[in-house]
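Structure, as structure tokens:
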Amino acid sequence: LPGSIITDNIATLHFKSPDVQPYDYHVDLGSSAIDTATGSSIDHDFDGDPRPKGNGRDVGADETF
């Protein structure tokens with residue numbers, strides 16, 4: 001989809017705990033997904049947090065900072 005981040009290296013996404021239980025795919029500080037969503041008008045994320053926070057919407061289901 002347009003605006004998706006496609007990568008072979010998920011390290012740049014800075015997921016909180018993608019490889020160890022309990023798995024947590026919320027993005028953390030330094031993620032390349034923060035404030036980089038395009039073409040989105042969604043006003044709340046998966047957790048019910050308002051969007052955007054900061055300078056723009058985050059890519060994915062979670063709005064972090």
Side-chain angles (χ1 to χ4, degrees):
L1 294 172
S4 296
I5 297 175
I6 301 171
T7 181
D8 290 333
N9 180 5
I10 66 165
T12 63
L13 296 173
H14 293 270
F15 291 127
K16 289 188 178 183
S17 182
D19 299 319
V20 180
Q21 290 186 1
Y23 302 108
D24 188 345
Y25 292 96
H26 288 86
V27 294
D28 212 350
L29 190 63
S31 174
S32 61
I34 295 173
D35 295 342
T36 60
T38 59
S40 175
S41 61
I42 297 173
D43 62 355
H44 285 80
D45 73 359
F46 182 79
D47 299 319
D49 296 326
R51 294 185 117 150
K53 289 182 184 175
N55 295 321
R57 289 173 174 82
D58 298 348
V59 174
D62 180 42
E63 186 73 16
T64 302
F65 301 98

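Computed from a predicted structure; not experimentally measured.
By the neighbour-count criterion of 12 heavy atoms within 6.0 Å, atom CG of Asp8 is sparsely surrounded, having that number or fewer from other residues, nucleotides or ligands. Surrounding CD1 of Ile42 are at most 12 heavy atoms belonging to other residues, nucleotides or ligands under 6.0 Å away.
Judged by distance alone, the side chains of Asp62 and Thr64 do bring a donor and an acceptor atom under 3.5 Å apart.
Sequence neighbours left out, the pairs with a member in residues 47-58 that pass side-chain hydrogen bond (donor to acceptor under 3.5 Å, both in side chains) are His26-Asp47, Arg51-Glu63.
Shortest non-hydrogen contact noted between Ile34 and Leu29 is CD1-CA, 4.3 Å.
Side-chain contact between Ser32 and Leu13: present, with at least one pair of heavy atoms (C-beta onward) separated by less than 4.5 Å.
At least one donor-acceptor pair under 3.5 Å links the side chain of Thr36 to the backbone N or O of Ala33. When atom types are taken as modelled, the side chain of Ser4 and the backbone of Ile6 share no donor-acceptor pair closer than 3.5 angstrom.
The distance from the OG atom of Ser31 to the CD1 atom of Ile5 is 6.0 Å, given to the nearest 0.5 Å.
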With a cut-off of 3.5 Å and sequence neighbours excluded, list every side-chain donor-acceptor pair involving residues 14-21.
unit_1: His14; atom_1: NE2; unit_2: Gly30; atom_2: O; d: 3.4
unit_1: Ser17; atom_1: OG; unit_2: Val20; atom_2: O; d: 2.8

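Cluster annotation: Phe46 and Tyr23 are assigned to distinct hydrophobic clusters (Ile/Leu/Val/Met/Phe/Trp/Tyr, side-chain heavy-atom contacts under 4.5 Å, transitive).
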